[in-house]
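Inspection log for the structure reproduced underneath, given as structure tokens.
Side-chain atoms are counted along with the backbone in the values below, which use heavy atoms only and exclude waters and symmetry mates.
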Amino acid sequence: MNLTPEFEKKLDEAVTHYPVSKRSAALPLLHLWQEEYGFISDAAVELVAAKLDMQPVHILELVTFYPMFRRVPVGKHHIKVCRTLSCALGGSHETHACLKKLTAADGDPHGPCTSSDGKYTVEFVECLASCDKAPVVMGDDDLYENVNTEGKAQAILGKYS
Amino acid sequence: MPATQRRILFKHIDEAGYTNDLACYLKNGGYAELRRALTLEPQFIKDEVKQSQLRGRGGAGFSCGVKWGFIDAKKTARPIYLICNADESEPGTFKDRQIIHQDPHQLIEGMTIACFANSVHLAYIYIRGEFPEGARILERAISEAKAKNFLGKNILGAGYDLEIYVHRGAGAYICGEETGLIESIEGKRPYPRIKPPYFPAVLGLYQCPTIVNNVETLCNVKHIVSMGGEAYAKIGTPNNTGTRLIGVSGDVQRPGCYEFECGALTLGELIYEVCGGIRNGNKLKAVIPGGSSSKILRADARFKLRDKEIGISDIPLDFDSFAAIGTMSGSGGVIVMDDTRDMVDCLANLSEFYAHESCGQCTPCREGSQWMKKIIHRMSSGVVRQEDTALLKSVADNIAGRTICAFGEACAWPVQSFIAAFREEFEAKVR
């Protein structure tokens with residue numbers, strides 16, 4: 001797998017943040033990789049491991065532990081709905097169902113649900129720490145608060161069309 | 001009389017026209033305390049913090065001065081590290097987000113002073129993965145501060161060097177546990193470490209002495225240096241000094257994050273005056289007072305506070321009162337539930353969270369949290385057996401106190417306390 005020089009530079013820069021131990025750069029490198037390629041492939045595991053002088057298994061065990069890292073791609077836009085108590089009291093289950101309906105995303109509500117055109121993945125996640133503005137939704141890296149009507153859910157999806 | 005807020009950390013939060021860049025921070029007197037702190041003896045700053053009686057704001061409420069006191073730069077040849085715990089993941093807690101997003105330089109100034117006081121030259125801010133914007137804001141703030149020599153080499157000509165880096169988590173609640181957090185920065189799975197040693201001050205990051213402080217705690221350091229430890233100790237009540245950021249969510253009219261002197265108001269004043277009471281004309285049923293792990297309080301229960309018996313509305317908002325009635329003020333996240341809520345459903349929600357977040361290191365927690373979730377979800381869906389309530393309690397009782405870290409208690413306490421407070425609701429599910 002050939003990396004672009006710009007991407008390689010980004011990875012190397014992140015490693016400099018950890019002058020004591022290169023291994024510490026494992027999470028930052030995985031984040032950079034996922035932002036660039038969408039998921040962590042076998043090749044990514046090998047490459048990140050090689051860069052940090054680690055065994056691939058020590059990278060793989062991170063990918064399988066930390067919930068934000070994915071071994072498979074998700075839809076073009078990742079819509080995360082907070083599931084935890086304050087948001088649930090504010091109606092996040094309705095919001096989640098509504099977003100699933102609007103995107104025609106299919107699947108077990110406990111896991112990622114991707115629309116058939118691959119455009120959206122709707123997923124329940126744990127507390128997003130904006131509990132006073134429940135229910136909250138993240139669209140890719142952006143936070144949306146008080147998403148309590150179909151209109152608001154529709155407006156979020158509109159930004160990612 | 002409705003209690004008024006005392007906004008020290010939140011002075012500029014939600015202020016019209018206040019922006020999170022360095023220019024705005026400097027215009028409002030920013031980094032003056034750092035400039036002054038650099039002229040002081042590090043030990044003098046540590047003494048001020050000790051005198052302030054500042055208690056950690058992450059959840060445990062441990063004395064910050066005592067924590068720093070474990071570290072003696074003169075007696076160790078190893079480097080000392082400081083980590084800011086910005087993993088804010090406790091359900092119901094959203095205070096650190098406000099500072100990170102709206103006033104990041106306040107954190108960096110407080111953190112830099114804390115690092116100077118403890119002879120730290122390399123520090124990390126561990127921010128949860130779900131705050132991508134927060135991480136970018138902090139990174140920009142750090143580079144702005146570095147460009148003006150508030151960070152980096154020979155800070156403001158005082159001969160002191162410090163680098164701060166932002167380290168993003170990746171969605172694991174357990175990284176809020178300080179030894180798990182350290183493992184995570186070391187590039188490992190965040191399995192909390194066996195205790196003893198109880199404090200990372202003994203063996204922390206890279207097996208070196210390490211201080212782990214919450215965002216709010218580090219911001220307080222700036223204000224302690226500003227007003228002096230003695231003056232700070234006069235805010236609040238004895239042993240519960242300073243202000244607290246209290247986040248209220250759930251079934252109230254005006255949820256939000258507020259700053260009050262410790263003990264300046266009661267839970268009733270908070271809910272009915274500050275937050276405008278229960279929404280939709282309903283009545284108060286229960287309150288989780290300090291993040292989802294804290295034990296739930298039933299609205300019509302009586303609590304024994306020292307020599308008095310009081311109702312839920314009369315509980316003072318400070319560390320010691322909540323501890324005395326058998327729960328905790330934890331991370332300051334107050335979740336309010338009204339009388340339309342089914343307590344079995346609410347507990348089912350929380351148990352799913354804990355089952356998802358158990359790191360899996362200790363058997364009682366890994367297995368027990370899953371079983372609790374399964375049993376409560378089954379009850380919630382209407383399939384209930386006679387023995388369920390007792391079984392649930394037994395599983396919880398066998399987790400608490402039998403795990404490496406406090407997550408065991410964190411997942412058991414909601415189950416134990418929901419059943420203790422609302423046993424009849426659980427038993428009524430049996431048909």
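With a threshold of 4.5 angstrom between heavy atoms, B:Tyr354 does not approach chain A through any atom at all. For B:Ser292, no part lies near chain A; criterion is any non-hydrogen pair under 4.5 Å. Heavy-atom distances place the side chain of B:Leu122, and not its backbone, under 4.5 Å from chain A. Contact annotation for B:Lys188: both backbone and side-chain heavy atoms come within less than 4.5 Å of a heavy atom of chain A. Using a 4.5 Å cut-off between heavy atoms, B:Val336 contacts chain A through its backbone alone, with no side-chain atom that close.
The greatest number of non-hydrogen atom pairs below 4.5 Å with chain B, out of A:His110, A:His58, A:Lys22, is found for A:His110. Interface remark: of the candidates B:His356, B:Arg189, B:Arg254, B:Arg189 forms the most heavy-atom pairs closer than 4.5 Å to chain A. Options B:Pro79, B:Gly256, B:Gly333 differ in how many heavy-atom pairs under 4.5 Å they form with chain A, and the most are formed by B:Gly256. Of all the listed residues (B:Gly250, B:Cys208, B:Ser184), the one sharing the greatest number of non-hydrogen pairs under 4.5 Å with chain A is B:Ser184. The candidate with the highest count of non-hydrogen atom pairs below 4.5 Å against chain A, out of B:Tyr173, B:Tyr124, B:Phe94, is B:Phe94. Heavy-atom pairs under 4.5 Å with chain B were tallied for A:Ser21, A:Ser130, A:Ser24; the largest tally goes to A:Ser24. Heavy-atom pairs under 4.5 Å with chain A were tallied for B:Arg168, B:Glu90, B:Glu130, B:Glu88; the largest tally goes to B:Arg168. When B:Gly169, B:Cys257, B:Gly247 are compared by the number of non-hydrogen pairs under 4.5 Å with chain A, B:Gly169 comes out ahead.
Scanning all heavy atoms of the two residues, the minimum distance from A:Ala129 to B:Phe131 falls at CB-CZ, 3.7 Å. What you find for B:Gly171 and A:Pro67 is that their closest heavy atoms are O-CG, 3.1 Å. In plain terms, the two heavy atoms of B:Val248 and A:Asp132 that are nearest each other are O-CB, 3.8 Å. The shortest non-hydrogen separation linking A:Thr16 to B:Tyr165 is O-OH, 4.1 Å.
In this structure, B:Pro190 and A:Tyr66 have side chains that are in contact, with non-hydrogen atoms separated by less than 4.5 Å. A heavy-atom distance below 4.5 Å is found between the side chains of A:Pro28 and B:His167. A heavy-atom distance below 4.5 Å is not found between the side chains of B:Ile335 and A:Cys131. Residues A:His17 and B:Glu163 form no side-chain contact, since every pair of their non-hydrogen atoms from C-beta on lies 4.5 Å or further apart.
A 6.0 Å sphere centred on CG of A:Asp106 holds no more than 12 heavy atoms belonging to other residues, nucleotides or ligands. More than 12 heavy atoms of other residues, nucleotides or ligands shown are found within 6.0 angstrom of CD on B:Gln207.
Salt-bridge annotation for A:Glu35 and B:Arg136: absent, with no side-chain N of the basic residue lying under 4.0 Å from a carboxylate O of the acidic one.
In this structure, A:Met68 CE and B:Arg128 CZ are separated by 9.0 Å, a value rounded to the nearest 0.5 Å. How far CZ of A:Phe65 is from SG of B:Cys175: 7.0 Å, rounded to the nearest 0.5 Å. In this structure, CZ on B:Arg97 lies 7.5 Å from CG on A:Leu128, to the nearest 0.5 angstrom.
The interface of residues 76-92 of chain A with chain B, defined by heavy-atom distances below 4.5 Å, comprises A:Arg83, A:Thr84, A:Leu85, A:Ser86, A:Ala88, A:Leu89, A:Gly90. Residues of residues 133-147 of chain A that come within less than 4.5 angstrom of chain B, heavy atom to heavy atom, are A:Met138, A:Asp141, A:Leu143 in numerical order.
If you look at A:Tyr18 and B:Tyr206, their ring centroids are not closer than 6.0 Å.
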